[in-house]
2 protein chains.
Amino acid sequence: MARTPAPGTRETILTAAAGLFYEHGVRAVGMAQVVEAAGCGKNLLYRHFPSKAELAAAYLALARRERERSATEALRWASGPREQLIALISEIADIVRRPGYRGCAFRNYLTEFRGEDDVAARAAKAYLDDTRAEVDRLVGEWGGDGLLADRIWLIINGLYAGPPSQAGVAVDWARELIEAAG
Amino acid sequence: MARTPAPGTRETILTAAAGLFYEHGVRAVGMAQVVEAAGCGKNLLYRHFPSKAELAAAYLALARRERERSATEALRWASGPREQLIALISEIADIVRRPGYRGCAFRNYLTEFRGEDDVAARAAKAYLDDTRAEVDRLVGEWGGDGLLADRIWLIINGLYAGPPSQAGVAVDWARELIEAAG
DNA sequence: TCCATGACGGACCGATCGGTCCGAGTCTAT
DNA sequence: ATAGACTCGGACCGATCGGTCCGTCATGGA
């Protein structure tokens with residue numbers, strides 16, 4: 001008999017928070033800034049996300065969803081595990097080169113909250129573990145050994161850390177590595 | 001005609017602050033915790049370091065001094081640029097494997113304060129630029145090309161980011177790479 | 001039309017932040 | 001011995017933190 005809740009509110013708030021968290025870091029951004037960026041009342045924010053920790057966890061969950069969406073999109077036209085691996089790495093390189101790139105959201109969070117073990121930190125670790133397992137799976141699918149997987153993971157880590165200008169080097173090297181091991 | 005200032009105070013405070021900053025992050029540590037860990041009065045801390053930003057800058061300067069000391073120590077018994085490069089990387093691997101390792105202090109700071117441009121951030125960037133230039137110099141000294149330097153830098157970045165269990169892979173790979181290019 | 005509900009802005013809370021200041025005690029040069 | 005610099009613990013400051021609450025207004029269903 002009354003008003004219905006606005007439908008997209010949660011997404012609006014989460015998007016605004018995610019932008020701020022990614023750009024400046026979770027610790028550096030206060031809830032007041034999130035409210036201001038979302039253009040809603042503080043009340044509404046806390047109805048959807050009961051604490052900053054849960055908002056941060058939702059931020060990482062959103063980042064993971066976006067990450068997996070664009071990864072599966074990149075893997076769509078790759079046939080076979082080798083091409084998929086190359087596509088995955090070159091897609092990461094695209095992200096690194098994108099203007100406004102501020103590093104890997106999950107690695108950044110684990111650096112900001114190093115030593116802590118809250119929900120978001122566990123989610124970040126889980127994402128990294130899963131991605132590493134995905135690399136292992138793809139490498140193993142065409143007979144590559146553990147050393148190759150380790151080296152590719154090393155390249156991926158360096159790719160995220162390094163300057164965008166070196167992204168091409170990482171992709172080329174990974175491709176060379178993968179094709180040579182075929 | 002009065003008391004002389006205690007000699008080692010500044011180092012004591014800085015050491016305590018550096019330990020906390022490195023373990024938990026600069027943003028996560030308050031000045032009260034620094035005072036408590038240093039075992040001194042708050043006003044003494046502020047006499048030696050007029051602000052938290054300057055304390056953070058001093059922390060990075062100390063990290064750089066330690067870093068360069070142990071690097072030159074590692075390079076002492078290496079003859080020729082190739083051996084020096086390998087020694088440098090395996091020394092980084094030793095650091096990564098050390099218990100209590102929490103990542104590269106400079107990369108961590110730039111992640112925590114991303115987008116900001118204070119004294120400490122500039123010092124961190126300068127350290128990374130200088131280290132990268134050192135790699136370029138060592139590679140160029142024995143005729144290696146820019147691509148090789150890029151790849152070694154990629155390995156170093158991945159080495160700092162990756163799990164300690166993969167440090168050996170990075171060192172072996174770098175050695176293989178360097179010796180093959182000889 | 002009317003009222004129940006959703007949403008907003010902002011006051012407000014205790015805690016903590018970085019930073020200042022002061023009183024009391026301690027040590028040393030004269 | 002005594003004065004003056006040094007140091008400590010802690011009170012204190014304004015600002016901001018995360019989080020709660022309330023008064024008011026907008027809105028949509030009955």
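Every chain is numbered from 1 and lettered A, B, ... according to where its sequence line falls, protein lines coming before strand lines. Hydrogens, waters and symmetry mates are skipped; everything else that's a heavy atom, side chains included, is used.
For A/Gln33, taking side-chain heavy atoms from C-beta onward, the closest of the listed nucleotides C/dA7, D/dC17, D/dT7 is D/dC17.
Below the 3.5 angstrom threshold, one finds a donor paired with an acceptor across the side chain of B/Asn43 and the base of D/dG9. Judged by distance alone, with hydrogens and angles left aside, A/Lys42 brings no side-chain donor or acceptor close enough to the base of C/dG10 to form a pair under 3.5 Å.
Contact annotation for A/Val35: no contact, since no heavy-atom pair falls under 4.0 Å across all strands. Residue-level contact check: B/Val34 touches neither bases nor backbone, having no heavy atom under 4.0 Å from any strand.
A salt bridge is absent between B/Arg102 and B/Glu112; no separation between the charged side-chain nitrogens and carboxylate oxygens falls under 4.0 Å. Using a 4.0 Å cut-off between a side-chain N of Lys or Arg and a carboxylate O of Asp or Glu, A/Glu73 and A/Arg69 do not qualify as a salt bridge. A salt bridge links A/Arg97 with A/Asp94: the distance from a Lys NZ or Arg NE/NH1/NH2 to an Asp or Glu carboxylate oxygen falls below 4.0 Å.
Here the C1' atom of nucleotide D/dT16 and the NE2 atom of A/His24 are 17 Å apart, to the nearest Å. If you measure from atom CD of B/Glu36 to atom P of C/dT16, you get 13 Å, rounded to the nearest angstrom. Between B/Arg10 atom CZ and D/dT7 atom P the separation is 14 Å, expressed in whole Å. For the pair B/Leu44 CG and C/dT20 P, the computed distance is 14 Å after rounding to whole Å.
A side-chain hydrogen bond (donor to acceptor under 3.5 Å, both in side chains) check over residues 28-45 of chain B, counting only residues at least two apart or in different chains, returns nothing.
A heavy atom lying under 4.0 Å from DNA chain C marks the following residues of residues 45-56 of chain B, by number: B/Tyr46, B/Ser51, B/Lys52.
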message: Applying ring-ring contact (aromatic ring centres under 6.0 Å, His included) to A/Trp173 and B/Trp173, what does each step give before you reach the verdict?
response: CA-CA 13 Å; A/Trp173 200 10; B/Trp173 200 11; 4.3 Å; yes
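A/Val169 and A/Ile95 fall into different hydrophobic clusters, where Ile, Leu, Val, Met, Phe, Trp and Tyr residues are linked whenever their side-chain heavy atoms come under 4.5 Å apart, directly or through other members.
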